[in-house]
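As structure tokens, the structure follows; a few thoughts come after it.
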Amino acid sequence: MKNKTSIQGSWASRWIFILAATGSAVGLGNIWKFPYITGENGGGAFVLVYLACILMVGIPIMMAEVFIGRRARKNPINALADVAEESGSTKKWGIIGLMGMLSGVLIFSFYSVVGGWVLHYIKVMLTGEMIGVTSDAAGSAFGALLADPATLLGWHTLFSIMSIAVVAAGINKGIETATRIMMPALFVLLIILLGYAMTTGGFAQGWNFMFEFDFSKLTWNAALVALGHSFFTLSLGMGTIMAYGSYMTKDASIGKTVLAIGGLDTLVALVAGLAIFPIIFSNGMDPAAGPGLMFISLPVAFGQMAFGQLFGVLFFILIAVAAWTSAISLLEPTVAFLIERLKIKRMTAAIGLGITVWALGIACLGSFSFMSDVTFFGKNTFDFFDYITANIMLPLGGIFIALFAGWVVKDKFAQDELQLPSAVFKLWNISMKFTAPIAVAIVLYFLINPMK
Ligand code: PFF
């Protein structure tokens, strides 16, 4: 293929790509969702299945996304179409990219609402409102926040503007600058919080909870959640990594780069769990508290501890930073597509898309108040968007990307980008052709036909 660089620009170095993609991967999924779904699904056995999904399905698919993006150097729809054409197939494969963009829009709309909760909790921690409160009081405070659409709208709007502004500034000035500042800050904050968790006295219990594998607690539903989450946490199945890959330089090794991203993302999820569960256990609270784990249990815990206010503020800043770098990446594929397709300016594309996702976000935040009656398959808008994206659209997108990379793209083109030792290439190819699609298909099958 002839394109040497994308018209959007390219990353300054391989490390910037690794950090930007890690910024996309590490988000609310790692720090908010991973600990609470681990809590809900019984701990260790769930963690083990999740790790297997990352290694056997997530990493190989991420390699496919990066190489497709880098080969074509275009937005995901055009990248899939061009790579298909090069291998003698139909440009219709671009449709996978379209479904991916739709997933990005839906994810952003609820993601930004949760990002807004996080901003609100930075303020709550700063003002010390939670010092010495009981779990019940913290639960009512969180409930009152959800029931207050005006406050939620303010925070959701702020979070949306923060994300749109970075994307509007472009690859180098916007995303790259944000990455350079925020990713080191994120790692430092996480290490400080882990150190703090180790002093709480609940560390051993937290460790055991996450790493004691009790398979009797494992259900099909837990396996589905683990697989869906491995896509969500690695930002796969929707073209984000493909778009970021299209800005990657040709000389960088895709295999090593992807291993670094997958490894860092997993490390952050595990460390986040090890930072959170000890705090929960040392205050005698329930690890299976669900989505409220971070917004109810943790503030109570911080409110009872030495230096809790300081570390509470740091903790919520950490999550805000993580969520911000991910939210940016949810917008980028569609912005790139709009620029390349409609030949409009980045600023116009970012604002146009921004207004759309912001408006959809209002339906999500209204799920807890004025739109609570609106349900899809028994779920409110917020839960429905979360459910269909993480559990259905991303895994489906992933299956198609795998099948595309394994069966449609000619081996010589794939290998030209991947440059893997031939035994590793074979393994990767088997994963694309069989392991990844079959694993996803089995889990989706049991989702649709739950076992009695
Ligand atoms: N990986 C992000 C997280 O774990 O929070 C969420 C996400 C970002 C999913 C970007 C998909 C995506 F394209």
Side-chain angles (χ1 to χ4, degrees), residues 27-28 30-40 43 113-148 151-152 154-156 158-159 185-186 188-210 268-269 271-324 365 368:
L28 292 170
N30 302 61
I31 309 176
W32 170 58
K33 252 185 155 183
F34 176 74
Y36 92 72
I37 56 181
T38 301
E40 282 180 341
V113 172
V114 181
W117 300 350
V118 176
L119 296 178
H120 176 80
Y121 270 82
I122 296 180
K123 187 196 119 201
V124 167
M125 288 287 134
L126 273 173
T127 54
E129 287 164 46
M130 290 281 178
I131 296 177
V133 297
T134 60
S135 286
D136 285 349
S140 333
F142 185 57
L145 172 69
L146 295 191
D148 175 1
T151 304
L152 291 181
W155 292 116
H156 160 59
L158 177 63
F159 189 85
L186 190 145
V188 171
L189 283 174
L190 196 62
I191 292 169
I192 296 176
L193 285 159
L194 179 66
Y196 180 65
M198 285 177 165
T199 66
T200 58
F203 195 74
Q205 214 181 340
W207 179 278
N208 291 343
F209 180 70
M210 283 182 63
V268 172
V271 172
L274 287 178
I276 290 175
F277 287 119
I279 298 178
I280 299 292
F281 285 124
S282 67
N283 288 281
M285 286 190 282
D286 177 15
L293 186 66
M294 202 170 85
F295 296 101
I296 300 171
S297 318
L298 272 185
V300 174
F302 282 126
Q304 292 168 356
M305 303 166 81
F307 305 108
Q309 190 177 2
L310 171 67
F311 287 100
V313 172
L314 288 182
F315 183 79
F316 281 99
I317 292 179
L318 163 77
I319 304 160
V321 167
W324 191 7
L365 66 86
F368 309 109

For residues 191-198, run the donor-acceptor check on the side chains, cut-off 3.5 Å, and write out each pair with its distance to 0.1 Å, sequence neighbours left out.
residue: Y196; atom: OH; partner: A306; partner atom: O; Å: 3.0

- Query: Checking side-chain contact (heavy atoms from CB on, under 4.5 Å) for the pair W324/L186: CA distance, chi angles, key distance, verdict?
  - Reply: CA-CA 11 Å; W324 191 7; L186 190 145; over 6 Å; no

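- Nearest heavy atom pair, residue P278 against residue G273, reads CD-O, 3.8 Å.
- Counting all heavy atoms, side chain and backbone alike, I279 lies closest to M305 at CG2-SD, 3.9 Å.
- With sequence neighbours excluded, the residues satisfying side-chain hydrogen bond (donor to acceptor under 3.5 Å, both in side chains) with W155 are H120.
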- Carefully, step by step, assess L293 and W32 under the rule side-chain contact (heavy atoms from CB on, under 4.5 Å). CA-CA 8 Å; L293 186 66; W32 170 58; over 6 Å; no

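- Shown here are the side-chain hydrogen bond (donor to acceptor under 3.5 Å, both in side chains) partners of T127, two or more places apart in sequence or in another chain: E129.
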Do any side-chain atoms of residues 309-323 form donor-acceptor pairs under 3.5 angstrom with protein atoms, and if so which ones, sequence neighbours left out?
residue: Q309; atom: NE2; partner: M125; partner atom: O; Å: 3.1
residue: Q309; atom: NE2; partner: L126; partner atom: O; Å: 2.9

- Query: Could you walk me through whether I37 and E40 pass the side-chain contact (heavy atoms from CB on, under 4.5 Å) check?
  - Reply: CA-CA 5 Å; I37 56 181; E40 282 180 341; 4.3 Å; yes

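- Taken from CD1 in I122 to CH2 in W117, the straight-line distance is 15.0 Å, to the nearest 0.5 Å.
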Show the atom names and distances, to 0.1 Å, of all donor-acceptor pairs under 3.5 Å that link a side chain in residues 134-146 to residues at least two apart or in another chain.
residue: T134; atom: OG1; partner: A137; partner atom: N; Å: 3.1
residue: S140; atom: OG; partner: D136; partner atom: O; Å: 2.8

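- Residues V133 and Q304 come closest through the heavy atom pair O-NE2, 4.3 Å.
- For the pair Y121 (side chain) and F295 (backbone), a donor-acceptor distance under 3.5 Å is present.
- Contact detail for L274 and M210: the closest heavy-atom pair is N-SD, 3.8 Å.
- The two residues P287 and F277 make their nearest non-hydrogen contact at CB-CE2, 3.8 Å.
- Of all heavy-atom pairs between N283 and A301, the closest is ND2-CB, 3.3 Å.
- Residues meeting the side-chain hydrogen bond (donor to acceptor under 3.5 Å, both in side chains) test with T151, sequence neighbours left out: D148.
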